[in-house]
Each structure stands twice: as C-alpha cells, then as structure tokens.
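Inspection log for the structure reproduced underneath, given as structure tokens.
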Amino acid sequence: MTRAHPGEGEPAHTAGPTTERTPPGRSWTARRIWTLLAPAMIFLGIREFGLLVLTWMAAANDRSVTEALRSWDGQWFLAIAEGGYSGVTEGLVDAFGNRSAETPLAFFPGYPAVVRWFAAIDGAGGIGLVTSAFTVTIASGVACAYALARLGRHINGGSRRTGLILVALFAASPMSVVLSMAYSEAMFCALAAWALVGVLERRWLLAGVFCAAAGLVRSTGAAVLLAVGLAVLVAVLRRRDGWRPWVGGLIAPVGLLGYLAWVGVRTGEWNGWFTLQERGWGTGFDGGLATVTFSLEALADARSVLEVTTVALIVVAIALLVIGFVRRVEWPLMVYAVGVLAMDLGANGLMNSKARLLVPAFTLLIPLALALAKRRPSTAVLTLCALTVASSWFGAYSITSWNYAI
C-alpha cells in the first residue's frame with residue numbers, strides 16, 4: 001500500500017500564520033512544580049514581608065531585629081535548649097520577678113529539645129542555638145502550611161484554592177510575627193494541623209502520633225487531644241477502621257499527660273504545672289471573667305493600640321466560631337477551635353498574650369478562606385494583601401514599640 005499524496009486523501013499543508021504551543025511535557029512540569037511549592041512560597045513570602053516591616057519598625061525604635069525575635073518567652077526556650085531545665089540562667093524570672101528551681105518547668109520541652117538537637121547536627125561551634133531556633137520555627141511554619149493546604153481540600157466546599165487561601169490567612173494572622181520568633185507556636189500549629197489532617201482522612205495513627213507530639217510543645221495540646229479523642233470515640237462506637245482508632249487513641253494523650261505527670265513528680269504536687277503557672281504568671285482558669293473585665297477596661301480608656309486591637313480580635317474570633325458552626329465546618333475542626341478559645345479566653349493572667357494565643361486557632365479562618373475562594377482572584381489577592389500589611393505592622397509594633405510581654 002502506498003501513501004496518498006496531497007489531494008489524494010490528505011489535505012495539503014498551506015502556508016500561513018501558525019500558533020506556537022508550549023510542549024505538553026514542559027507545561028505539566030511547571031504546573032506540577034507550582035502545585036508542589038505553592039504552600040511554602042505563599043507562607044514564606046508573607047512572612048518575609050512581615051520581617052521587612054519588622055526591620056523598619058525595629059530601626060525606628062532603636063531595636064535589634066534578632067533581639068526582638070528572641071525576646072520574652074524566646075529567652076526561656078533558648079536557655080532551656082542550651083542547659084536543660086536545671087541549667088537555665090538565674091537572670092530569667094517569672095512575671096513577678098521571682099525564680100525557683102521549678103520555674104522553668106512552666107515551659108514545655110518539645111520546642112527547645114528540637115532546637116538543641118538541630119543545633120548539635122554540625123557539632124560544637126556550628127550554627128548556634130539562635131539560628132537553630134529560627135530555622136526550626138520557619139520549617140515548622142512551612143510544614144503547617146502544607147497541612148493547612150491539605151485541610152482546605154478536605155473541608156466541606158473546599159478546594160485547592162481554598163487551601164492556599166487558608167495558608168495565606170494563617171501567615172497573615174494578626175500576631176503571625178510569632179511564626180518568625182523563637183517561640184513554640186509555629187511547631188505546635190504544624191503538629192496540630194497534621195493531627196487534624198489525620199482525623200479528617202481517618203488516618204488514626206498519624207492523628208495519634210502528632211497529637212502526642214503537640215502535647216509536648218504547648219498546653220494547648222489539650223485542644224488537639226479533645227478533637228482527636230472525640231473523633232476516635234466516634235470511630236470506635238461506629239466500629240470504623242478496625243484497630244487503628246484504638247491505637248491512635250491510646251497514643252494521643254501520651255505527650256501532654258506524660259509531661260504534666262513528670263512536672264508533678266518534680267514539684268511534689270499532682271497539679272504542679274498548673275501551680276507553677278498560677279504562682280509565676282498569675283494564670284489560672286476563671287471562665288473568662290478576667291478577659292471580660294480586661295476588655296471593658298481597655299475599651300473604656302483606649303490606653304493602647306495593642307489592648308484595643310486585642311479586644312477587637314477576641315470579638316472577631318468569637319464571631320468566626322459562630323460562623324464556622326453555621327457553615328457546618330467539620331466538627332473535629334470546630335471542637336479544636338472551641339478548645340483553643342476556651343483555654344485562651346477562659347484564663348486570667350497576662351492579658352497582653354491573648355492575641356498571640358489566638359494564632360493556634362487557625363481553624364477559625366476556614367469560613368474566611370471559603371468565602372474568599374468564591375470571589376474573583378483580584379478581590380481575594382487585594383484582601384490578603386491588605387491583611388498582610390496590617391498584620392505585619394501590628395506584629396512589628398507588638399515586639400518593638402510595646403514595652404510589655406506578649
């Protein structure tokens with residue numbers, strides 16, 4: 001059989017303008033790379049802008065950026081990372097200027113332990129504890145970004161776009177400056193977010209392990225434990241997924257309860273950690289009475305930008321909680337949000353920390369992410385840019401102009 005000539009079954013090629021197309025393989029690779037890197041790029045881009053604003057604010061207030069980023073609790077974490085609980089310098093004291101051998105035990109061990117391990121990778125005289133602390137914080141923030149992007153695809157009405165917007169909202173939350181500090185919030189948020197991913201995907205071992213790890217980083221691990229524990233209970237009662245919920249449920253409380261028990265042994269009191277918080281920082285649980293009193297007083301005399309803004313953020317957080325229930329956001333995510341809010345707003349003590357302690361309540365941002373995902377891309381981008389600018393200034397103000405602990 002011979003091949004037909006033009007005009008004998010095949011159309012002849014005609015001269016004329018042609019459209020150049022991108023090779024399919026190259027286009028797919030570029031899109032794949034963007035899909036892979038997008039959560040990290042969004043998170044790091046917003047945080048980098050925040051650091052630029054911080055640099056400007058620090059210079060205007062004659063502050064060192066590095067000192068600002070490791071101030072307050074950062075000093076405690078770095079000291080614990082360097083010398084352990086027994087080697088913390090005597091110069092560090094509690095909120096009342098006091099110090100005992102047990103005072104450092106008020107700070108959970110997870111973050112300083114990882115900082116110490118990472119700093120020791122290249123031996124003595126290597127990167128140092130400060131660089132290690134910042135690296136661990138940023139890496140944790142990136143890990144959290146990927147978990148949030150995944151949550152955004154799993155939630156009711158969610159999508160890949162929703163997940164990326166959720167990442168941006170988290171990176172631009174009002175006190176997101178703490179996600180660049182030598183603080184434990186970034187690590188906790190990463191562990192909590194991946195535990196919640198495990199719950200939604202019914203990967204109970206993942207949920208249990210990350211919940212246990214979160215319990216070694218912050219007391220807010222109780223909120224993760226509440227969400228994971230209730231989800232495990234439902235799975236067991238409905239006889240889902242065989243033995244996995246049982247094992248995940250047994251692992252989940254190990255970190256938090258283990259550390260609290262260890263502190264109890266060290267202090268000789270079963271509630272030793274809570275006693276340290278009350279004695280050193282005046283922090284206990286009063287059901288929100290102190291928060292209401294603080295809010296009314298702050299609004300009455302408007303004595304500072306930070307305090308008035310903190311009250312506004314509390315109101316917004318409660319409103320977002322209500323909206324989340326109305327929008328029927330997955331109940332484990334809402335249980336976690338309720339737990340974080342209850343622990344933050346229900347406690348007395350340092351009121352200046354309220355805004356910072358809202359950062360782990362990232363599931364409250366889900367209704368906003370869902371709403372922005374339905375808007376035009378230009379609307380979503382402009383909104384996120386405005387939030388980034390506002391939060392960057394507020395965070396920089398909090399650690400350069402504000403003279404008290406956050």
Side-chain angles (χ1 to χ4, degrees), residues 73 76-77 80-81 84-86 101-117 140 183-199 203-237 243-281 283-285 287 332-333 335-344 346-347 349 357 360-361 363:
D73 288 5
W76 283 95
F77 286 125
I80 294 170
Y85 285 112
S86 60
E102 291 80 22
T103 300
L105 299 176
F107 296 88
F108 277 64
Y111 177 71
V114 174
V115 169
R116 181 173 63 253
W117 295 336
S140 297
Y183 269 53
S184 60
E185 269 81 359
M187 176 177 285
F188 173 80
C189 288
L191 296 170
W194 278 107
L196 294 174
V197 167
V199 168
R203 299 172 63 183
W204 301 110
L205 297 182
L206 176 74
V209 168
F210 278 92
C211 179
L216 288 171
V217 177
R218 295 191 64 81
S219 61
T220 328
V224 189
L225 181 58
L226 178 64
V228 172
L230 287 178
V232 164
L233 180 61
V234 170
V236 168
L237 292 177
W243 54 269
R244 290 177 178 81
W246 291 90
V247 176
L250 289 174
I251 295 173
V254 169
L256 179 63
L257 297 185
Y259 182 66
L260 294 179
W262 183 74
V263 174
V265 172
R266 286 285 301 269
T267 59
E269 301 177 79
W270 70 270
N271 60 341
W273 184 84
F274 300 95
T275 300
L276 288 174
Q277 287 289 319
E278 180 67 39
R279 183 190 307 150
W281 284 268
T283 301
F285 190 84
L333 305 183
V335 167
Y336 170 73
V338 169
V340 175
L341 279 187
M343 295 182 70
D344 184 10
L357 297 177
T363 55

Given the rule in the side-chain contact (heavy atoms from CB on, under 4.5 Å) test, do Leu256 and Leu216 qualify, once you have shown the distances and angles that lead to the verdict?
CA-CA 6 Å; Leu256 179 63; Leu216 288 171; over 6 Å; no
- Could you give me the CA-CA distance, side-chain angles and deciding distance for Glu278 and Thr283, then say whether side-chain contact (heavy atoms from CB on, under 4.5 Å) is met? CA-CA 5 Å; Glu278 180 67 39; Thr283 301; 5.7 Å; no
- Message: side-chain contact (heavy atoms from CB on, under 4.5 Å) for Thr220 and Val224? Distances and angles first, verdict last.
- Response: CA-CA 7 Å; Thr220 328; Val224 189; over 6 Å; no
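For the residue pair Leu206 and Gly198, the shortest heavy atom distance occurs at CD2-CA, 3.7 Å. For the pair Ala212 and Ile251, the tightest heavy-atom approach, listed with the atom from each and the gap, is CB-O, 3.4 Å. For Pro112 against Ala81, the heavy-atom pair with the smallest separation is O-CB, 3.4 Å. When every heavy atom of Pro253 is checked against every heavy atom of Gly249, the shortest pair comes out as CD-O, 3.2 Å. Closest of all the heavy-atom pairs between Val228 and Ala195 is CG2-CB, 4.4 Å. The two residues Pro332 and Leu196 come nearest to each other via the heavy atoms O-CD2, 4.3 Å.
Considering only heavy atoms from C-beta on, Val234 stays 4.5 Å or farther from Leu230 through its side chain. At a threshold of 4.5 Å between non-hydrogen side-chain atoms, the residues Val115 and Phe77 do not count as touching. The side-chain heavy atoms of Trp281 and Thr103, taken from C-beta on, include a pair separated by under 4.5 Å. Between Pro360 and Tyr336 there is a side-chain heavy-atom pair separated by less than 4.5 Å. Side-chain contact between Glu185 and Arg218: present, with at least one pair of heavy atoms (C-beta onward) separated by less than 4.5 Å. Taking 4.5 Å as the limit, every side-chain heavy atom of Val247 sits out of range of all side-chain heavy atoms of Trp204.
To the nearest 0.5 Å, atoms OH (Tyr111) and OG (Ser140) are separated by 7.5 Å. One finds the CG atom of Leu260 at 11.5 Å from the CG atom of Leu105 (value rounded to the nearest 0.5 Å). Here CZ of Phe210 is found 9.0 Å from CZ of Arg203. Values are rounded to the nearest 0.5 Å. One finds the CG atom of Leu191 at 10.0 Å from the SG atom of Cys211 (value rounded to the nearest 0.5 Å).
Every pair passing side chain to side chain donor-acceptor pair (under 3.5 Å) that includes a residue from residues 253-276 is listed here, sequence neighbours excluded: Tyr85-Tyr259.
Annotation: Trp76 is not in aromatic contact with Phe108 [ring centroid separation under 6.0 Å not met].
The closest donor-acceptor contact from the side chain of Thr363 to the backbone of Leu333 lies under 3.5 Å.
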